[in-house]
There are 2 protein chains.
Amino acid sequence: MARVRISDVAAAAGVSTSTVSLVLNDRTGARISEETRARVREAAAVVGYTPNSIARGLRTQRTRTIGLVSDVIATTPFAGRMLAGAQDAAREHGHLLILVNTDADPAVERDAIRALVDHQVDAMIFATMWHRVVETPEGLPDRTVFLDCRPADGTRPAVVPDEVAGGRAAVRELLAAGHRRIAWLDIDEPDPPVASGLRHQAYREVLAEAGITPDPAWHVRGDGTTAASGRAATDRLLDLPPHRRPTAIFCFNDRMAAGAYVAARHRGLEIPADLSVVGYDDQQLVAGELDPPLTTIALPHYEMGRWAAEVALGAREPPEPDQPYLMPCPIIRRDSVSSPPAAAPTPAGGEPDTTP
Amino acid sequence: MARVRISDVAAAAGVSTSTVSLVLNDRTGARISEETRARVREAAAVVGYTPNSIARGLRTQRTRTIGLVSDVIATTPFAGRMLAGAQDAAREHGHLLILVNTDADPAVERDAIRALVDHQVDAMIFATMWHRVVETPEGLPDRTVFLDCRPADGTRPAVVPDEVAGGRAAVRELLAAGHRRIAWLDIDEPDPPVASGLRHQAYREVLAEAGITPDPAWHVRGDGTTAASGRAATDRLLDLPPHRRPTAIFCFNDRMAAGAYVAARHRGLEIPADLSVVGYDDQQLVAGELDPPLTTIALPHYEMGRWAAEVALGAREPPEPDQPYLMPCPIIRRDSVSSPPAAAPTPAGGEPDTTP
DNA sequence: TGAGACTGCTAAATCGATTGACCAAATCTT
DNA sequence: AAGATTTGGTCAATCGATTTAGCAGTCTCA
């Protein structure tokens with residue numbers, strides 16, 4: 001069954017294809033009588049006409065598609081949310097999303113960009129699944145938005161999570177519960193992700209504001225990808241003498257927080273009564289299923305995906321053209337934070353609590 | 001900077017556009033001298049020509065795109081793997097994947113299908129994130145493949161996980177470790193997923209083969225979405241009198257298996273020494289991070305995505321045209337299965353172990 | 001030597017829409 | 001009543017490729 005073409009509608013309505021096009025596209029300024037318009041619309045409905053997007057795209061040079069190239073989509077639970085955000089926004093604006101996943105292979109990436117450009121996408125989104133700084137790949141069209149990464153040359157709009165604000169919220173949560181000895185369970189990688197530095201910065205700032213000088217021993221590291229590494233790092237923390245031992249841990253991510261739980265449990269420590277924990281990422285399957293459920297900071301992947309698509313389509317202006325947009329990371333309060341154990345002695349070198 | 005067109009190549013090489021097209025597409029049978037061919041290729045490379053896919057698509061009626069419409073992509077960790085499989089296969093065949101996620105909204109679904117058809121996709125994949133039977137939506141092109149779902153009228157190729165084989169592997173694993181009292185922690189839903197029935201069927205068959213008549217009390221249920229429900233169901237199992245109490249549990253999914261861990265731990269039971277557990281789904285963040293890591297059955301989402309794209313592109317024939325293809329679910333052996341506790345008494349009504 | 005075959009390449013039609021130029025008829029001006 | 005406007009539409013070019021039919025020229029061979 002062949003597709004219905006515009007000429008079929010024209011024949012059915014007894015007018016030219018020009019008229020059909022003019023009517024169906026609601027071209028204001030086109031002088032077509034209301035009577036004819038009605039007849040055309042009726043005919044189009046009867047024969048079930050929908051315009052061929054390819055033909056239209058060739059003529060108008062706009063395809064109503066947006067290309068999204070990303071590095072890894074399979075191995076992260078975040079990808080779906082990011083895609084969903086971008087796709088929802090695209091759909092709301094009558095656009096389709098073409099997805100290419102490069103597995104971080106430069107050759108594939110180059111081909112993908114070219115294929116998308118050849119397909120005449122109206123805009124492009126370049127996404128990574130981990131917040132980082134990237135070299136701008138060759139061949140990217142002007143209308144490109146960076147998603148969860150920042151181009152080294154800040155030439156195009158970009159959106160990344162507001163890691164500093166997120167980190168502050170996490171540490172403040174612990175501070176507000178009364179903790180003074182707060183550890184930072186960092187990620188240990190040869191090339192640390194930008195999130196690590198930013199969250200650490202937040203950690204230091206907030207403690208400083210509260211008049212706390214963190215004990216260097218409170219800064220521990222795990223590989224970031226396994227709970228086991230979080231457990232090992234936490235063990236190092238719990239091995240500290242009582243007056244230096246942290247009563248709370250801010251973890252780089254939920255998986256390592258899960259390791260902190262294991263370490264605590266193996267020593268008979270209760271969470272949160274004996275040890276408070278805050279994670280990052282809000283990985284539902286980890287944070288929500290831990291016992292007790294983990295308080296954490298959510299990464300706003302859906303919102304970032306949406307933002308990227310809206311900016312790519314010109315439906316939203318980036319507030320500061322040359323700066324990446326910082327998407328807020330909301331805190332998700334569950335049950336892993338409480339006040340520190342009453343018996344906890346004040347740290348030896350601890351300043352008096354002068355919080356206003 | 002305007003795109004390079006075929007006419008630019010033609011001008012640079014001093015030939016007609018026809019010749020350029022013939023050469024660049026390697027049309028066998030076209031009589032073009034080797035000398036001219038070289039000149040054209042050279043010119044194309046120099047000016048950096050890549051064909052405009054839209055123009056080509058209009059003429060050839062093939063767009064080298066494949067449309068994928070799915071219900072929920074964001075809220076499941078499986079989606080990524082499925083998309084990755086489909087997308088990898090598409091890329092290997094020079095195709096692009098256009099993704100639409102309908103959130104199971106019928107109106108959105110209808111619009112999405114129409115938009116994809118209007119975009120002249122060469123083939124379509126209709127995917128769901130949970131194995132189920134669906135009514136064939138209106139307007140789907142002939143070249144449609146169903147992914148992780150089966151059309152009620154078996155008119156088109158479909159691929160689903162081989163739940164029965166997976167379930168058998170799980171129960172056999174337990175049997176092989178020496179268990180005789182094996183529970184089935186089912187999912188409890190008003191409209192139970194097809195996976196539930198199929199895995200239960202596998203459970204009964206394998207036990208029957210081993211000459212075991214399962215105690216009805218071994219069939220318990222949880223809501224399937226939370227670990228808490230798995231814990232409650234497991235508590236019911238562990239409350240059974242010692243001679244009826246199961247030594248192993250086959251869980252509908254990993255999340256409920258996580259709940260089983262919690263229940264066991266709260267009674268001071270060790271896994272796997274006191275209780276063996278097998279899950280289903282292989283959700284990395286759950287199964288891999290439990291302590292001890294969970295033995296489970298993996299859902300082959302990547303492979304199914306790949307299969308669907310290959311069949312959609314005609315690169316592979318479905319072996320049985322009218323039957324859904326059953327993709328094997330591999331068992332992932334970790335550390336949650338061991339032989340039953342030595343003290344475990346033989347079930348009261350237990351048959352002698354006659355396994356060959 | 002001249003018909004037929006072959007070689008190398010091009011002209012022009014085509015895909016299905018959009019759109020600026022233009023036309024015929026009706027209406028308005030003066 | 002002749003010219004100017006307005007109304008309601010159509011013609012044909014166009015987007016950028018692919019593809020079929022066919023045109024010159026050369027070669028073959030009776």
Side-chain angles (χ1 to χ4, degrees), chain A residues 2-41 43-44 47-65 94 114-115 117-122, chain B residues 2-41 43-44 47-65 94 114-115 117-122:
Chain A
R3 271 188 70 89
V4 176
R5 287 153 313 180
I6 196 171
S7 57
D8 299 322
V9 179
V15 296
S16 70
T17 60
S18 316
T19 302
V20 176
S21 175
L22 261 11
V23 170
L24 263 24
N25 289 302
D26 273 325
R27 297 292 302 239
T28 57
R31 294 176 314 219
I32 312 283
S33 71
E34 199 43 62
E35 187 193 339
T36 304
R37 298 185 114 92
R39 206 166 69 245
V40 168
R41 278 193 264 263
V47 301
Y49 171 72
T50 54
N52 180 321
S53 305
I54 298 300
R56 164 186 281 171
L58 177 59
R59 179 64 234 248
T60 62
Q61 305 287 43
R62 302 191 58 243
T63 53
R64 296 160 184 270
T65 55
R114 211 178 52 189
V117 169
D118 289 346
H119 267 267
Q120 306 270 85
V121 294
D122 294 340
Chain B
R3 271 188 70 87
V4 176
R5 288 155 310 179
I6 195 170
S7 58
D8 298 323
V9 180
V15 296
S16 71
T17 61
S18 317
T19 302
V20 176
S21 175
L22 261 11
V23 170
L24 262 25
N25 288 301
D26 273 324
R27 297 291 303 240
T28 58
R31 295 175 314 218
I32 311 284
S33 70
E34 199 44 61
E35 187 192 339
T36 305
R37 295 186 116 90
R39 207 166 68 244
V40 168
R41 279 193 263 264
V47 301
Y49 170 72
T50 56
N52 179 323
S53 304
I54 297 300
R56 164 187 280 172
L58 178 58
R59 178 64 234 245
T60 61
Q61 306 286 45
R62 302 193 56 244
T63 53
R64 295 160 185 271
T65 56
R114 211 177 53 188
V117 170
D118 289 346
H119 267 268
Q120 308 271 84
V121 293
D122 294 341

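Both backbone and side-chain heavy atoms feed into the values below; hydrogens, waters and symmetry mates do not. Numbered from 1 within each chain, the chains take letters A, B, ... in sequence-line order.
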Shortest non-hydrogen contact from B:Asp118 toward A:Arg3: OD1-NH2, 3.2 Å
Closest approach of A:Ala13 to A:Val40 (non-hydrogen atoms, all atoms of both residues):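 Heavy-atom minimum between the residues: CB-CA, 4.1 Å.
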Is any side-chain nitrogen or oxygen of [X] closer than 4.0 Å to OP1 or OP2 of [N]?
X       : N      : answer
B:Asn52 : D:dC15 : no
A:Gln61 : D:dG16 : yes
A:Tyr49 : C:dA17 : yes
A:Ser33 : D:dG9  : yes
A:Arg59 : C:dT19 : no
A:Thr36 : D:dG9  : yes
B:Ser18 : C:dT10 : no
B:Arg56 : D:dG16 : no

Whole-Å distance separating the [atom1] atom of [X] from the [atom2] atom of [N]:
X        : N      : atom1 : atom2 : answer
B:Arg27  : C:dT10 : CZ    : P     : 17 Å
A:Asp118 : D:dA17 : CG    : C1'   : 12 Å
B:Arg5   : D:dC15 : CZ    : C1'   : 10 Å
B:Arg62  : D:dT18 : CZ    : C1'   : 13 Å
A:Leu58  : C:dT14 : CG    : C1'   : 12 Å
A:Asp8   : C:dG16 : CG    : C1'   : 11 Å
A:Arg37  : D:dG9  : CZ    : C1'   : 11 Å
A:Ile32  : D:dT10 : CD1   : C1'   : 9 Å

Beyond-backbone contact of A:Leu24 with A:Arg41, side-chain heavy atoms, under 4.5 angstrom: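 In contact.
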Pairwise side-chain contact, A:Asp8 with A:Tyr49, heavy-atom cut-off 4.5 Å (strictly under):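 Contact flag for A:Asp8/A:Tyr49 side chains = no.
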Base, sugar-phosphate, or nothing: which does [X] touch, judged by heavy atoms less than 4.0 Å apart?
X       : value
B:Arg31 : base
B:Ile54 : nothing
B:Thr60 : sugar-phosphate

Nearest listed nucleotide, side chain of A:Thr19, among C:dT19, D:dT18, D:dT10: D:dT10
Minimum-distance nucleotide (side-chain atoms of A:Asn25 versus D:dT18, D:dT19, C:dT18): C:dT18
Upstream residue (5' side of DNA chain C) when B:Gln120 and B:Glu34 are each assigned their closest nucleotide: B:Glu34
side-chain hydrogen bond (donor to acceptor under 3.5 Å, both in side chains) between B:Thr36 and B:Ser33, intermediate numbers included: CA-CA 5 Å; B:Thr36 305; B:Ser33 70; 2.8 Å; yes
Donor-acceptor side-chain pairing of A:Ser21 and A:Ser18 below 3.5 angstrom: no
